[in-house]
Protein chains: 2
Amino acid sequence: MNVELTERRRRVLKTVIQHYIDTANPVASHELASEIGVSSATVRNEMSALEEAGLLMQLHTSAGRVPTDMGYRYFVENLMERASLTAQEQRTIKHQFYQVRSDLDQWIHLAAAVLARTVRSAALVTPPRSYESRFKHLELISINDNTILLVLVLQDSTIKQQTLSSEEPYTQEQLGRIAGRLNSLCEDATATVVSELSSSSASLAPPLISLEIHVLELVARAMSLFEDQMNELIHHDGLLEMLEQPEFMQVARVREVLSILQGGTMLDSLIPQALASDGVQVVIGGEHGRDELRDYSVILSRYGVDGEVAGVLGVIGPRRMPYPRSISTVRYIANVMSDLLTDLYGSDTRPVRESK
Amino acid sequence: MNVELTERRRRVLKTVIQHYIDTANPVASHELASEIGVSSATVRNEMSALEEAGLLMQLHTSAGRVPTDMGYRYFVENLMERASLTAQEQRTIKHQFYQVRSDLDQWIHLAAAVLARTVRSAALVTPPRSYESRFKHLELISINDNTILLVLVLQDSTIKQQTLSSEEPYTQEQLGRIAGRLNSLCEDATATVVSELSSSSASLAPPLISLEIHVLELVARAMSLFEDQMNELIHHDGLLEMLEQPEFMQVARVREVLSILQGGTMLDSLIPQALASDGVQVVIGGEHGRDELRDYSVILSRYGVDGEVAGVLGVIGPRRMPYPRSISTVRYIANVMSDLLTDLYGSDTRPVRESK
DNA sequence: ATTTAGCAGTCTCCTGGTACGAGTGCTAAA
DNA sequence: TTTAGCACTCGTACCAGGAGACTGCTAAAT
């Protein structure tokens with residue numbers, strides 16, 4: 001990355017980007033003259049040089065300058081100052097999370113809602129998941145004579161329900177005993193272990209009855225399915241907030257962003273990457289050759305508890321995005337979520353958290 | 001409702017509406033001349049009369065006619081023919097549902113997806129719920145020394161998870177015994193009964209310990225909360241499909257429909273109404289004085305098992321909507337869902353189903 | 001050597017005017 | 001009662017021209 005910029009050029013670049021982020025209008029030289037303390041002609045010369053360097057560009061000859069992907073990148077890495085949330089904002093957010101602290105389902109909803117409203121663009125959150133599914137508990141509940149509801153709880157508190165039909169009727173007591181036996185058999189087992197159990201059932205004393213085998217098969221399948229289903233579980237919010245941005249004046253843009261969020265082409269690639277890295281990831285425009293993201297920027301962070309569970313949260317918006325604030329917000333919410341999860345999983349471990 | 005229309009006028013109205021639904025363009029007199037078998041001048045006279053009657057209108061003097069709300073209403077009630085799905089479509093849909101038959105969570109997702117793709121507008125589905133929450137089963141799972149995961153299953157297979165913290169640590173066995181006792185205490189109880197149990201605990205022998213009281217309080221709260229939370233649980237799909245319609249060329253429209261779906265102002269009023277009525281409900285434009293729906297039509301149907309569980313599903317789209325097909329599709333999917341639920345809840349009851 | 005004022009040049013966007021096309025309502029004849 | 005014909009009304013597409021916004025360049029000032 002070009003670091004051979006004079007101090008003044010860095011200042012011009014920074015100011016241009018800040019103005020553009022604020023106003024969504026290409027920035028003219030005279031807008032900066034007083035701010036930089038030189039004449040507009042001098043600013044023009046500097047801008048020329050920055051354009052030469054690939055950091056700024058013009059939409060047409062008589063327009064002001066807008067940042068390029070590279071320009072934004074330079075800004076994010078070298079120029080911008082951290083913009084933490086105010087103490088008041090932090091208190092409000094903490095308080096909201098405190099109110100739903102016992103309601104696991106609400107966490108991701110709240111995280112997405114807070115992100116969206118704080119940065120005024122779309123937010124996405126995946127639920128916290130173990131690196132590998134581990135069995136925690138199962139329950140068999142009689143629905144009617146030949147239907148049983150299987151409720152499966154995994155180590156990461158994921159809950160999955162399924163029905164299964166049985167030839168012969170079972171009483172709730174019988175089902176309770178069966179569930180008890182399977183629970184002790186499967187304690188902490190991974191998907192493969194459960195799967196093996198169900199196939200080598202004859203070697204156990206007493207051998208498993210057919211219902212038990214059937215249940216184990218379902219459990220094994222549900223557990224291994226989880227690893228793929230990540231995409232379906234991405235929760236998002238804030239479409240409405242994002243539509244307020246001027247870049248969404250044309251419906252085509254709205255369609256684009258909807259298919260990115262729903263189709264998940266980008267999530268297939270960006271989320272695993274965020275899951276594998278520490279800290280906040282910023283993808284500006286089509287940086288990594290992802291053409292469908294050409295006009296968008298994505299800010300993602302992993303959250304969770306090291307070695308236990310992890311999820312990803314972040315925002316997606318137009319390239320012209322308030323990076324300092326967005327990055328701070330994503331980082332803050334990720335920390336809050338990590339703290340919440342740390343309270344749940346092992347007080348002996350520490351949250352995934354970037355050093356201040 | 002004006003039934004004093006000559007046969008030919010009815011035919012003109014019907015044809016105008018069909019053309020408009022197909023093309024989204026105001027319909028000119030000469031487009032119908034050959035179809036009706038008279039000259040365009042005659043068609044114009046008839047159109048004039050229909051405009052007089054409030055069934056058609058012009059956007060400006062030199063434009064063709066478009067239907068009014070009343071026109072659509074007359075069409076839906078008196079003119080349109082039923083358009084059942086083809087046998088092939090029905091087979092495909094049935095097959096898709098068959099594949100997820102054991103996966104309760106998937107039902108509403110699939111229903112919304114199928115609706116959206118079949119009628120090419122936005123679909124919404126609420127999960128099937130009992131008229132009154134009844135307790136079915138609870139489970140207490142030890143997460144760590146002072147955190148317990150409470151999994152609550154209601155009669156309608158709704159599952160809710162919550163954490164609670166306890167002063168002193170409990171082993172999983174202890175928790176199992178406690179859960180067992182509470183399960184037999186609460187069998188089939190309503191929210192109020194559970195609530196009474198938790199407050200009159202001293203009268204039981206042995207009296208409930210503080211953890212048990214705490215759990216019962218949480219259960220009671222969770223059960224009564226459900227009745228309000230309906231709105232949050234509305235699942236929708238098909239935004240992208242709907243955006244293909246020409247009425248969504250302007251972003252303002254997209255915003256409108258998003259806030260209707262998310263804000264739920266309309267769902268607060270329409271869904272309870274659909275839940276309380278039989279058959280398919282059609283709301284055209286601002287018919288019931290709902291101004292935010294002025295430009296949209298909503299088709300809803302209840303589904304479920306009489307006396308057991310019920311939910312609502314349907315579509316929302318521009319007023320210019322293929323009513324015959326949409327109504328048939330909504331009715332069909334509602335029947336499929338009702339059948340699925342009938343297999344689960346009492347084979348002795350019959351599905352909510354409109355007579356053919 | 002750097003900065004700056006001034007100016008010519010380029011490009012967008014808005015405005016007003018016009019021609020065109022679409023579709024109607026009316027009238028008078030069939 | 002129907003229909004052909006025609007005048008009339010509007011919306012829209014198109015074009016030219018002018019205003020405005022910025023730039024790049026040049027030449028003078030520091």
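Convention: sequence-line order gives letters A, B, ...; per-chain numbering from 1.
Note on S48(B): a side-chain N or O is less than 4.0 Å away from OP1 or OP2 of dG25(C).
Nearest to the side chain of Q58(B), among dT2(D), dT10(C), dG25(C), sits dG25(C). Between dA4(D), dA5(C), dT2(D), one nucleotide has an atom nearer to the side chain of R8(B) than all others, and that is dT2(D). Nearest to the side chain of R44(A), among dG24(D), dC10(D), dT24(C), sits dG24(D). For A28(A), the side-chain atoms get nearest to dC22(D) when compared with the rest of dT3(D), dC22(D), dA5(C). Among the nucleotides dT24(C), dT3(D), dT4(C), the one closest to any side-chain atom of S39(A) is dT4(C).
One interatomic measurement links the two molecules: CD1 of I36(B) to P of dT2(D), which rounds to 13 Å at whole-angstrom precision. Between N45(A) atom CG and dG24(D) atom P there is a gap of 8 Å when expressed in whole angstrom units. For the pair L56(A) CG and dT23(D) P, the interatomic distance rounds to 11 Å; values are reported in whole Å. Rounded to whole Å, the distance from CE on M47(A) to P on dC25(D) is 15 Å.
At a cut-off of 3.5 angstrom, counting only N and O atoms as typed in the model, there is a donor on one side and an acceptor on the other between the side-chain of S62(A) and the base of dC11(C).
Contact check on K14(A) versus E35(A) returns no salt bridge, with no Lys/Arg side-chain nitrogen under 4.0 Å from an Asp/Glu carboxylate oxygen. Under the 4.0 Å criterion applied to side-chain N and carboxylate O atoms, E89(A) and R325(A) are assigned as salt-bridge partners.
In this structure, T42(A) reaches the bases: a heavy-atom distance under 4.0 Å links it to at least one base atom across the strands shown. At the heavy-atom level, S29(B) lies under 4.0 Å from the strands shown only through sugar-phosphate atoms.
Distance CD/E51(A) to CD/Q58(A): 4.5 Å, rounded to 0.5 Å. Atoms CD and OG1, from E31(A) and T23(A) in turn, are 6.5 Å apart once rounded to the nearest 0.5 Å.
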